[in-house]
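Remarks on the structure that follows.
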Amino acid sequence: MQQIDKIYIDGEFATPHGEEMFDLFNPATEQVIGRVRLADEDDANRAVAAARRAFASFSRTSKSERLDLLQSMIRALEAREDDLYEAIVDEYGSPVSRARLMAKYAPVAIGEAAKVLRQYDFTQRINASELVMQPVGVAGIITPWNANALFICNKFATALAAGCTAVIKPSEMSAIQTQIVTEALHEAGLPAGVLNIVTGRGEVVGATISAHPDIAKISFTGSTAVGKTIWRAGADTLKRITLELGGKSPFIVLDDANFAEAVPFALQAGFVNNGQACGAGTRILVPQSRVKEFEALIGTAAGNIRSGDPRDPATVIGPLVSEKQWNRVQRYIRVGIDEGARLLTGGEGRPDGHQSGWFVRPTVFTDVRNDMTIAREEIFGPVLSIITYRDLEEAIAIANDTTYGLQAYVVSADPARAREVAARIDAGRVLINGLAQDLAVPFGGFKQSGIGRELGTLGIEAYLEPKGVMTAV
Ligand code: NAD
């Protein structure tokens, strides 16, 4: 049982002023595996003050000083890969293959920020003038539980690359992962106050940061509902804001697609991260003329997917993160049935052989209309909906008929045709014929999937304020 009773402020591990203890669970066993002492408003205020003090000098550091720090952070995180991997499996229920990837990705994300910094020109010339990109100020960073270490590393590395200092409010449910990342970043030898990490409740620490006058910018990843609250909280002080929110991504199977390839790809896109992924392809759009063929293949394939012990290498879907999340997913499955969708595979309850653990059955609904609840709301679990379309125009209309716009997928035998479809989809990222991702390409959402972009040049510029400098001659 791990006890976490320190937060990180001004270069030191400190006892929080907050006294609430919060249980940490292993979702595969439902056992308490740790307890974390949560920070409160006082702690958040102290962290902001430390970050503000540090900003004065850190904002004037050179590119090479920041690059050295990023390299040091990469080395420190790489040295903790195994610890992080264990924590991701135990605290989050990630299947081992994905947990290894997520543990490796934390330092990789820092490396991406370093690449952007290396090539970025903070002073651009326009005619006889200069456009200087200046660090915006103290960044408030708020992360969700579904890839906590990766989000901390990606956001903080980008803020640091830009010359900002930061106060981070990680998910309280991921405190073991946060502790490992904090220890590693402490080892990296950052100047005091550049990094501050205060684990606490969203409505306490998150809300304090979101409204604090000394926070210039918020970078938030999480649900659309909380994103809107944070935006409102920052409005009084006109905070710069990046919101990476939820999704209900369409997975468009064109009529020429090879289903032997499309079906496994659809299942990977839908069940990624135990179905708890913002970009999961949860609405599968299939041509009416070929839906029987698609149903037969996906029903069999999904029925063979192992949902269970995350430490079993054959497991594809581990448990959901919490009891609350398990209940929420069960409720959506019930709503899908009640609204008239037909279960092709899966359904309510745990997979066979499990009496405990927050395990769910990989579930695929068919005969889903795009106006049903399960097609409109983000479920955040392994529950997919097959929706048919008559022609390409209808497919595109259904794909775009959503309040979200984070990611989309197109599968076709003809990549040029798939790209034409991609051009008409309102989403921040479109994946054609595969799940290949590219961390150099900015990521973010259209519509209510977010505001702004992370990664790449747009990602660093989200932490910079442009200043025109003109000299009279
Ligand atoms: P959440 O919105 O419940 O919580 C996210 C973070 O916000 C947590 O740290 C939480 O403590 C904090 N928070 C809660 N209330 C707050 C408040 N009033 N003020 C400030 N902070 C507050 O999300 P979650 O359940 O942790 O994560 C799942 C959600 O995240 C899903 O909707 C998913 O789509 C989204 N997500 C988006 C992306 C993306 O890049 N677009 C990536 C991963 C997850």
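Both backbone and side-chain heavy atoms feed into the values below; hydrogens, waters and symmetry mates do not. Counting convention: from 1, in listed order, for ligands and their atoms alike.
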Do protein heavy atoms approach atom 1 (P) of ligand 1 to less than 4.0 Å? yes

Number the atoms of ligand 1 from 1 as they appear, then name those within less than 4.0 Å of a heavy atom of C278, with their elements. 34 (O), 36 (N), 37 (C), 38 (C), 39 (C), 40 (O), 41 (N), 42 (C), 43 (C), 44 (C)

Answer with side chain, backbone, both or neither: which part of M173 has a heavy atom less than 4.0 angstrom from an atom of ligand 1? neither

I need the atoms of ligand 1 closer than 4.0 Å to a non-hydrogen atom of T221, numbered in the order shown. 5 (C), 36 (N), 37 (C), 38 (C), 39 (C), 40 (O), 42 (C), 43 (C), 44 (C)

Do T242 and K217 meet the criterion of a side-chain donor-acceptor pair at a distance under 3.5 Å? yes

Minimum non-hydrogen distance to atom 6 (C) of ligand 1, winning option of T143, L243, I141: T143

Does only the side chain of I230 get under 4.0 Å from ligand 1, or the backbone, or both, or neither? Count heavy atoms. side chain

With side chains defined as the heavy atoms from C-beta onward, is the minimum distance between V108 and L439 less than 4.5 Å? yes

For ligand 1, which atoms sit closer than 4.0 Å to a heavy atom of G206? 19 (N), 20 (C), 21 (N)

In terms of atom number and element, which parts of ligand 1 are under 4.0 angstrom from non-hydrogen atoms of F151? 42 (C), 43 (C)

Using a 4.0 Å heavy-atom cut-off, say whether E172 meets ligand 1 through its side chain, its backbone, both or neither. side chain

What atoms of ligand 1 come within less than 4.0 Å of a heavy atom belonging to N146? 43 (C), 44 (C)

For residues L406 and S449, report the shortest heavy-atom separation together with the two atoms involved. N-OG, 3.2 Å

Do Y332 and F380 have their ring centres less than 6.0 Å from each other? no

Any G445 heavy atom less than 4.0 Å to ligand 1: no

Taking 4.0 Å as the limit for heavy-atom contacts, which would you say applies to L406 with ligand 1: side chain only, backbone only, both, or neither? side chain

Measure the spacing between NE2 of H212 and NZ of K239 and express it to the nearest 0.5 Å. 8.5 Å

Under 4.0 Å from one or more heavy atoms of S171, ligand 1 contributes atoms 9 (O)

With atom 12 (C) of ligand 1 as the reference point, say which of V204, I142, I209 has the nearest heavy atom. I142

List ligand 1 atoms under 4.0 Å from F443, heavy atoms only on the residue side. 40 (O)

Donor on one side chain, acceptor on other, N148 and T178, under 3.5 Å: yes

Does the distance from a Lys or Arg side-chain N to an Asp or Glu carboxylate O, for R311 and D309, drop under 4.0 Å? no

How many angstroms lie between atom CG of L243 and atom CD of E454, to the nearest 0.5 angstrom? 10.0 Å

Starting from atom 32 (O) of ligand 1, what is the nearest protein heavy atom, named by residue and atom, and what distance separates them? E378 OE1, 2.6 Å

Nearest option to atom 35 (C) of ligand 1, as decided by whichever heavy atom of P170, G444, G222 sits closest: G222

Provide the number and element of each atom of ligand 1 under 4.0 Å from a heavy atom of G246. 34 (O)

Looking at G206, is its backbone amide N or carbonyl O close enough to the side chain of K169 to form a donor-acceptor pair, meaning the two atoms are under 3.5 Å apart? no

